[in-house]
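So that the names make sense, note that chain A is the first sequence line, chain B the second, and so on, each numbered from 1. When reading the values below, keep in mind they use all heavy atoms of this one structure, side chains included, and skip hydrogens, waters and symmetry mates.
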Amino acid sequence: MLVLAGAGTGKTRVITVRIAHLVRSGVRPEHILAVTFTNKAAREMRDRVRELLDADAAGRITIGTFHAVCARVLRRHIDYLGLSTRFGIAAQGYQVGLIQALAGELGLRDMGRTPKDWLREISARKNALLQPDDLRTADASPEELRLADLYESYEKRLHGMDLLDFDDLLVLVLRLWQEHPRLLNAYRQQYRFLLVDEYQDTNAVQFKLLAALAGDRANICAVGDDDQSIYGWRGADVGNILRFEESFPGARVIRLEQNYRSTTTILQAANQVIAANPRRHVKSLWSARGEGEKVLVVQAETETAEAAFVAESILDRAGGAGGRVWTDFAVLFRSNHQSRLLEHAFRQQRIPYRMVGGQSFYQRREVLDAVSYVFAAVNPADDLSTLRILNVPPRGLGDRAVERLKYWQGVTGFPLQRVLALAEYQAELAPSAATALREFLAVLDRARRAFAGQGDFARHIEALLSEAGYLSGLVRIYRSRADALDRRENIYEFIGAAANHRERRGPSADIRGFLEEFALMDDNDRIEGRKQGDAVILSTVHAAKGLEFPVVYITGLEQGLFPHRQALEEHRLDEERRLFYVALTRARDALVLTWARRRRVHRDLVRRRPSLFLDSLPANLVEHCTPKEAIRPAPPEVADEYVARMREMFAPSRDP
DNA sequence: GCGTCGTGAGTTTTT
DNA sequence: CTCACGACGC
Ligand SMILES: [Mg+2]
């Protein structure tokens with residue numbers, strides 16, 4: 001069954017209700033697999049199932065992202081493919097480091113491509129199920145051949161260190177099932193009922209995984225909306241949802257047309273925007289929620305004024321008669337960096353805020369350093385982590401020491417940590433550096449043994465970072481004291497996440513389980529205290545998928561920003577428009593769209609033009625204004641009351 | 001040969 | 001703003 005329906009029609013609810021229905025009609029919860037797009041969505045789904053059924057049943061259902069579910073499969077069975085079940089997961093920052101090293105070795109530096117570019121290319125090939133050899137066709141360009149080489153050594157090195165990247169999690173499960181039909185059969189027996197949310201954003205591998213698991217029985221329930229496909233850049237294929245009936249013959253397609261979320265104004269605006277896209281399933285969405293406010297388009301003079309306006313406007317609306325709390329407001333943007341200015345404006349106005357999703361925490365240098373210390377201790381074969389932390393803080397092991405290290409590795413073929421321990425190598429170092437090196441190795445060794453035991457690994461992490469001189473070295477690594485303290489705080493967030501993991505999982509939890517979870521999580525889960533509390537939500541449009549808010553601000557609606565410059569240049573506007581559609585349809589009651597006439601880009605102040613998406617809104621539903629006009633002046637009596645209250649606050653106390 | 005400081009360049013979206 | 005890289009002083 002496919003539920004193909006527009007935004008706000010209750011698609012996700014269909015899945016939870018169906019799960020409850022299945023269990024009530026006698027299906028064992030263990031036989032149900034529900035796949036969501038994010039970990040947060042998985043958690044929410046489990047919560048809702050718990051409400052509909054009970055905690056026991058909810059706990060026995062498998063609910064998770066493709067990546068989380070696949071990681072579990074590989075933990076049990078990846079040895080069938082000749083890889084270790086003790087694998088670690090390499091997050092993006094880690095992959096970038098590896099590509100950088102390999103690009104250097106293969107002479108691929110300075111080719112006008114960043115490591116991230118290479119990585120994106122490799123990831124695209126992997127998700128299309130292409131092996132390096134598949135790229136080496138007779139008519140392959142030199143460029144493609146270079147990519148094949150890089151791809152091949154990347155995988156070899158990664159897997160040689162018992163590490164998998166995100167794509168591997170999916171690709172290797174598929175390979176596992178293809179090469180071992182008996183295993184596949186066992187998983188088919190296990191997962192007899194498949195439910196998939198956000199189906200429009202599945203990619204080729206994910207589709208094949210589902211098809212393999214469904215088999216002939218095809219007991220699959222997918223929900224999605226082709227208009228909300230926004231991950232094409234990551235290999236997602238809208239074709240999966242458009243071809244559902246061919247892929248799963250006999251499947252029913254159900255359409256839902258009532259939107260329970262938005263006012264008719266918001267819905268009509270969104271409908272008109274998305275109507276400009278070709279090749280889509282046209283849907284006639286309607287809402288019984290009434291007309292509501294007009295869509296407000298606010299033109300600010302500068303990007304700072306734009307951010308200030310958003311903060312003031314929220315303050316204004318929150319104080320109004322609507323009885324709004326902070327979480328009723330969401331501010332959405334195209335790119336992560338746009339959050340900076342908004343955060344600053346919110347801090348100035350003392351408005352509490354919270355970023356949704358994001359990967360920036362894991363990509364922070366100090367967090368990656370801390371993770372690398374733990375990786376290097378847990379897995380002595382992890383050369384990349386070892387190299388990363390070898391001279392952090394400075395131990396006198398600079399370029400020359402690393403060059404000699406590589407030489408000896410070439411001679412012996414040992415992993416780096418073993419080379420570092422060689423007397424022949426150490427003899428080439430300055431005495432002070434050799435001493436520091438031996439201490440470094442001893443600390444890693446102690447940590448390794450500590451992690452192998454059953455103890456509290458959060459404390460072991462702290463001990464490791466402390467004994468290695470990393471925590472105390474922060475003040476030397478980073479110029480300013482404030483910077484060092486900030487970074488220290490982030491490292492303690494990492495340690496706190498470890499403690500938190502152990503609290504939840506109990507004493508049987510181990511460091512590998514924690515590292516896996518930490519790699520798969522988003523920042524909100526990584527950072528304690530980011531989770532709860534009444535606060536305005538800041539989010540990229542991508543990360544806001546599946547969420548809804550009473551009042552939504554969409555900022556930076558300018559040519560080049562939203563739609564993004566590259567999408568404009570490469571004529572990839574359809575997905576940008578879907579993204580705008582997703583943004584619009586997050587709103588229940590009110591929409592405020594903003595842009596700035598001038599904006600600082602890099603170092604220059606640049607004149608901006610309004611987004612072409614603004615032109616596609618129905619004129620009769622939109623009101624244009626400046627920040628000043630958008631914020632209602634307080635009525636006189638409110639102003640009087642305010643003045644009176646201030647007077648009272650500052651009046652001399654009448655108490656003796 | 002190591003470490004620090006200054007300069008300049010680059011910034012979509014995420015599991 | 002943050003990172004990578006190169007120049008320069010130790
Ligand atoms: Mg949904």
**Q** I want to verify a distance call: between B:dC2, C:dC1, B:dT15, whose nearest atom is closest to the A:Thr38 side chain?
**A**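 That would be B:dT15.
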**Q** State whether the side chain of A:Asn39 and the backbone N or O of A:Leu520 hold a donor-acceptor pair below 3.5 Å, judged by distance alone.
**A**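 Side chain of A:Asn39 to backbone of A:Leu520, a donor-acceptor pair under 3.5 Å: yes, one is there.
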**Q** Which part of the nucleic acid, if any, lies within reach of A:Phe37 when heavy atoms closer than 4.0 Å are counted: base, sugar-phosphate only, or nothing?
**A**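 Here A:Phe37 touches the backbone only, sparing every base.
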**Q** Dump every N/O contact between nucleotides 6-10 of chain C and the protein below 3.5 Å, one line per pair.
**A**
none

**Q** So if I apply the side-chain hydrogen bond (donor to acceptor under 3.5 Å, both in side chains) rule between A:Glu569 and each of A:His571, A:Arg572, A:Arg565, A:Gln566, which one comes out positive?
**A**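 Testing each of A:His571, A:Arg572, A:Arg565, A:Gln566 against A:Glu569, the sole residue satisfying side-chain hydrogen bond (donor to acceptor under 3.5 Å, both in side chains) is A:Arg565.
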**Q** Using the side-chain heavy atoms of A:Asn391, tell me which of these nucleotides is nearest: B:dT14, B:dT15, B:dG3.
**A**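 Among B:dT14, B:dT15, B:dG3, the one nearest the side chain of A:Asn391 is B:dG3.
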**Q** Which nucleotide sits closest to the side chain of A:Arg487: B:dG3, C:dC3, B:dT15?
**A**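 Side chain of A:Arg487 sits closest to C:dC3.
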**Q** Does A:Asp167 use its side chain to pair, donor to acceptor, with the backbone of A:Lys126 at less than 3.5 Å?
**A**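 Looks like no, no N/O pair under 3.5 Å.
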**Q** So which nucleotide from B:dT14, C:dC1, C:dA4 ends up closest to the side chain of A:Arg234?
**A**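 When the side chain of A:Arg234 is considered, B:dT14 is the closest of B:dT14, C:dC1, C:dA4.
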**Q** Look at the side chain of A:Arg400 and decide which nucleotide, out of C:dA4, B:dG1, B:dT15, has an atom nearest to it.
**A**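 In terms of side-chain proximity for A:Arg400, the closest of C:dA4, B:dG1, B:dT15 is B:dG1.
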**Q** Starting at CG of A:Asp201 and ending at C1' of B:dT13, how long is that distance when rounded to a whole Å?
**A**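 Answer to the nearest Å: 11 Å.
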**Q** Over all strands shown, is A:Arg572 touching base, sugar-phosphate only, or nothing at heavy-atom distances under 4.0 angstrom?
**A**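 Counting heavy atoms under 4.0 Å across all strands, the contact made by A:Arg572 includes a base.
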**Q** Quick check for you: among B:dG3, C:dA4, B:dT14, whose closest atom lies nearest to any side-chain atom of A:Trp233?
**A**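 Closest nucleotide among those given: B:dT14.
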**Q** If you check every side-chain atom of A:Asp399, which of C:dC1, B:dC2, C:dC3 has the closest atom?
**A**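 Nucleotide nearest to A:Asp399's side chain: B:dC2.
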**Q** Starting the side chain at C-beta, find the nucleotide from B:dT13, B:dT15, B:dT14 nearest to A:Ser335.
**A**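 Shortest atom-to-atom distance from the side chain points to B:dT13.
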**Q** Can a side-chain donor-acceptor contact be found between A:Tyr154 and A:Gln95 if the only test is distance below 3.5 angstrom?
**A**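 Yes, A:Tyr154 and A:Gln95 have a side-chain donor paired with an acceptor closer than 3.5 Å.
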**Q** How many whole angstroms separate atom CD1 of A:Ile477 from atom C1' of B:dT4?
**A**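 Checked: the CD1 to C1' distance equals 13 Å.
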**Q** Closer to the 5' end of DNA chain B via nearest nucleotide, is it A:Thr114 or A:Gly398?
**A**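 The residue whose closest nucleotide sits nearer the 5' end is A:Gly398.
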**Q** Report the relative orientation of the aromatic rings in A:Phe440 and A:Tyr373; use parallel for angles under 30°, tilted for 30 to 60°, perpendicular for over 60°.
**A**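 Answer is perpendicular, since the angle exceeds 60°.
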**Q** What is the distance, to the nearest angstrom, from the NE2 atom on A:His542 to the P atom on B:dT15?
**A**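 From A:His542 NE2 to B:dT15 P: 11 Å.
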**Q** At under 4.0 Å between heavy atoms, what does A:Asn336 touch on the DNA or RNA strands: base, sugar-phosphate, or nothing?
**A**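 Sugar-phosphate contact only - A:Asn336 comes under 4.0 Å of backbone atoms but never of a base.
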